[in-house]
Amino acid sequence: MNEHVKNVTPETTDLSRRSFLVGSAATGLVLGYAGVPGIGEALAAPSNFEPSVWYAIAPDGLVTVTCGKADMGQHIASTMAQIVAEELGAKWSDMRVNLASNDPKFNDPVLGAQITGGSWSTMMNFDAMSRAGAAGRMALTEGAAAAMGVPASELTVRDSMIVHPKSKKQMSFADVVKSGKATKTFTPDELKAIKLKTPDQYTMIGVSVPQLDIPSKTNGTAKYGIDVMLPGMAYGAVVTPPVRFGATVKSVDDSAAKKVPGFIKAVTLDDKTGTTSGWVVALASTYANAKKAAQALKIAYDGGPNAKLSSQSLLDEAKRLQKLEDSGQFFVKDGDPAAAFGSAAKVVEAEYTTSINIHAPLEPMNATAEFKGDILHIYSGNQFATRSGAIAAGAAGIDPKFVVMHQMWLGGGFGRRLDADMMIPAVQAAKAIGKPVKVIYTRENDMTMDFSRPLTYQKVKAGVDGDGKLVALSHDVVSAWPTARWGIPDFLTPSVDKKGPLDSFTVNGADFFYTVPNHYVRAIKNELAHNATPSGQLRSVAPGWTFWAVESMIDEIAAATGKDPAQFRISLLDGAGKNDGGAQRLRNTLLAAMGLSGYGTKPLPKGEGMGVACVSSQERATASWTACVAHVAVAPSGEVTVKKLTVATDVGTQVHPDNIRAQVEGAALWGLSLAMYEKATLKDGGIEQTNFDSYTPLRMSQMPEVAVAVIANGEKATGVGEPAVTVVAPAIGNAIFNASGARVRALPITAEAVKASMKA
């Protein structure tokens, strides 16, 4: 992989490489790319008014916003439309949404690559989409002014109407588009200079409007990847090896498969991208028969170098690496923790672990591939079109410019569809038989071959002075490096010790907003885990494990010094130095969660406790300030019942209040599931859990009460899809300690671990 993805952080404001086209001569959406034979014809009516590549207004006045982000149920397409509609002045019933292809024109230098993750979408897109909407409004206004013969400054725009109050003249957006009078264009500098609305002027932002994707999803017209049907299409069912990665196919006996009606062929994958290894795909005229044929194949494997590894092997290697003084690279290196530990009045040390976790989205992984001449068409829902197109091209052995990605709605993603493994069997099978192929994973395929959240081991050491003040903290994080696996240099971070790039998506969160004068964070790559369990990004990414360690350790320090853990946090959130601003916002969310939950206001029954945690997820530079108070009951057996989760989050500007609450509630419950119930294990190189009977996410019967407080203060919009995941586990762990005296340091939390700690 040698593709580069630029501008992945929301601080990017450079508009120099793209000017918004505002004029009646703009062409419609182009499916395909310039320079590719047979691709690039403008299909939409030339009379469309297309103020930017991201939306167009038709002669009937309908506004179609093209969303460059994957919509997996979080309604980001509607959010993009809502941001545009606010500044454009469009009526909500006139808004429509469309999903972007991988056309290079959508790799916008302002909005970044087509990647959906990190809770980046709203915060990265809000300003640019607002300016796109405002530019369209201004062009429409000037066009209407010319048509009506009145000054543009005297016109008002609302609900898709442009009105001249003095003369009572008015024109709809449709009227202006049909008139051809909208011809104003904007340079990048002019776009930057547009004065956007202030929060007190909003009429759409902050309103829970109906989500635009709901009607099509409820009436069945919304098309997911699994819904794709092409003429003459064959179906593929994959057979995966017993080893997660590194196996090779020695032989395939298809004699029994040939007896299955409609069987076509068994294709052994030759994946030069290194995404898969040891896979075979059985092809048939129906999916049912493809599955039967797959089951009938007799395949001999060489298990490869990872065939004997287990979760314990990976953990043992992590502990070995952590003990080496020269392993890893430094992510944070402030002060001198070693010297501070030497003079500290008290030192607290602890080890924290998390297990392998699986995404398991509801819609099975799938892709449909079709070659039309030299052009490869891929139909699939994916979260990283920029990378996925290159993966598909690598699987086909062609230039990426000959790949057209057809983005579909996603039936769940959570980071799983950042990877494109499902495209490889579809592409190579379609190439092998010369017809379109749809590949659908079974649940077993997806669970055993998931690009999972990695097993992690963390060692944290803290020192306090005679007044109980935290003066030093060292934090080692050992794991596979999911982002490094992508081979995209721009996603890696230079280490502060100049030892080379590190995967900051394994240590984000460890660079917290607490004031600690001596603070080291070391990122250590577990090469054994990296190779045996190729890992991906699961909802919340690194803060899902780094804050488990940080927020648990903060409580352990508070307990060791006899301080209330919430008040101890507040004392550390003083906003000194680089923590200015952020610490105050985090402090406010903690206070909000404490107030809403009633933390510390009354005694709790025996065996019950409340615990707190507060985080700046997902990354320090793109933080969403989030706090949680967990209320638990612990039985003498060690069984834990989570009674209530109270979550407060500072979102800056809230676009859609109901959607924000839904996202925060869902994230909190995902965090609860990871904290208490989900665990995958490696044995003999393979994942042992193959379905929901052995991998057991949170069930409805285990649901606690969830209370959410949203702080909307008019600051820059932040993300909400992931932060609440990260704060729940440490809050629960800390609540367990307050309820029972048991200190748990491994996820998921088990009754056995709690009981053992209670006895200790």
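Numbering starts at 1 and runs along the sequence shown.
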Run the ring pair (Phe, Tyr, Trp, His ring centres under 6.0 Å) test against [X] and tell me which residues pass, sequence neighbours left out.
| X | value |
| --- | --- |
| His519 | Phe512 |
| Phe451 | none |
| Tyr379 | His406 |

Please check: side-chain N/O of [X] versus main-chain N/O of [Y], any donor-acceptor pairing under 3.5 Å?
| X | Y | result |
| --- | --- | --- |
| Gln82 | Val207 | yes |
| Glu86 | Met204 | yes |
| His359 | Gln537 | yes |
| Trp54 | Gly133 | no |
| Ser540 | Pro543 | no |
| Ser78 | His75 | no |
| Asp658 | Ser208 | no |
| Asp60 | Ala174 | no |
| Gln114 | Lys69 | no |

Discussion item. Between Ser172 and Asp175, does the side chain to side chain donor-acceptor pair (under 3.5 Å) criterion hold? Intermediate values first, please.
Written reply: CA-CA 5 Å; Ser172 66; Asp175 294 333; 3.1 Å; yes
Practice prompt. Go through Ser617 and Thr726 one step at a time and tell me if the side chain to side chain donor-acceptor pair (under 3.5 Å) criterion holds.
Written response: CA-CA 7 Å; Ser617 291; Thr726 71; 2.7 Å; yes
Discussion item. Does this structure show an ion pair linking Asp511 with Lys578, if we count only N-O contacts that are shorter than 4.0 Å?
Written reply: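 Salt bridge absent between Asp511 and Lys578.
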With sequence neighbours left out, write down each residue that passes side chain to side chain donor-acceptor pair (under 3.5 Å) with [X], or none if nothing qualifies.
| X | answer |
| --- | --- |
| Thr546 | none |
| Thr198 | Asp200, Gln201 |
| Asp419 | Arg387, Arg485 |
| Glu551 | Tyr514, Arg569 |

Enumerate donor-acceptor pairs with a distance under 3.5 Å from any side-chain N or O in residues 407-415 to protein atoms, sequence neighbours excluded.
residue : atom : partner : partner atom : Å
Gln407  : OE1  : Asn382  : N            : 3.0
Gln407  : NE2  : Asn382  : O            : 2.7

Practice prompt. Begin from the C-alpha positions of Asn98 and Thr64 and carry the test side chain to side chain donor-acceptor pair (under 3.5 Å) through to its verdict.
Written response: CA-CA 7 Å; Asn98 188 26; Thr64 300; over 6 Å; no
Discussion item. The criterion is side chain to side chain contact (heavy atoms under 4.5 Å, CB included); which residues satisfy it with Ala576, sequence neighbours excluded?
Written reply: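 Residues passing side chain to side chain contact (heavy atoms under 4.5 Å, CB included) with Ala576: Thr515, Asp574.
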Item to complete: Sequence neighbours left out, what passes side chain to side chain contact (heavy atoms under 4.5 Å, CB included) with Ser119? Give chain and number order.
Response: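 Partners of Ser119 by the side chain to side chain contact (heavy atoms under 4.5 Å, CB included) criterion, ordered by chain and then number, come out as Glu722, Pro723.
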Discussion item. Assess the residue pair Thr122 and Val720 against the criterion (side-chain contact (heavy atoms from CB on, under 4.5 Å)); give the C-alpha distance rounded to whole Å, side-chain angles, the decisive distance to 0.1 Å, and a yes or no.
Written reply: CA-CA 9 Å; Thr122 299; Val720 297; over 6 Å; no
Item to complete: Evaluate the side chain to side chain donor-acceptor pair (under 3.5 Å) criterion for residues Gln584 and Asn588: first the C-alpha distance (whole Å), next the side-chain angles of each, then the deciding distance (0.1 Å), finally the verdict.
Response: CA-CA 6 Å; Gln584 182 62 49; Asn588 289 344; 3.0 Å; yes
Discussion item. Tell me which pairs pass salt bridge (charged side-chain N to carboxylate O under 4.0 Å, His left out) where either residue lies in residues 90-102, with sequence neighbours left out.
Written reply: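 Every pair satisfying salt bridge (charged side-chain N to carboxylate O under 4.0 Å, His left out) with a residue in residues 90-102: there are none.
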Discussion item. Listing request: all salt bridge (charged side-chain N to carboxylate O under 4.0 Å, His left out) pairs with a residue in residues 134-147, at least two apart in sequence or in separate chains.
Written reply: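 Every pair satisfying salt bridge (charged side-chain N to carboxylate O under 4.0 Å, His left out) with a residue in residues 134-147: Glu87-Arg137, Glu142-Lys184.
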Practice prompt. Could you label the plane-to-plane angle of the Trp120 and Phe491 rings as parallel, tilted or perpendicular, counting under 30° as parallel and over 60° as perpendicular?
Written response: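 Rings of Trp120 and Phe491: parallel, as their planes differ by under 30°.
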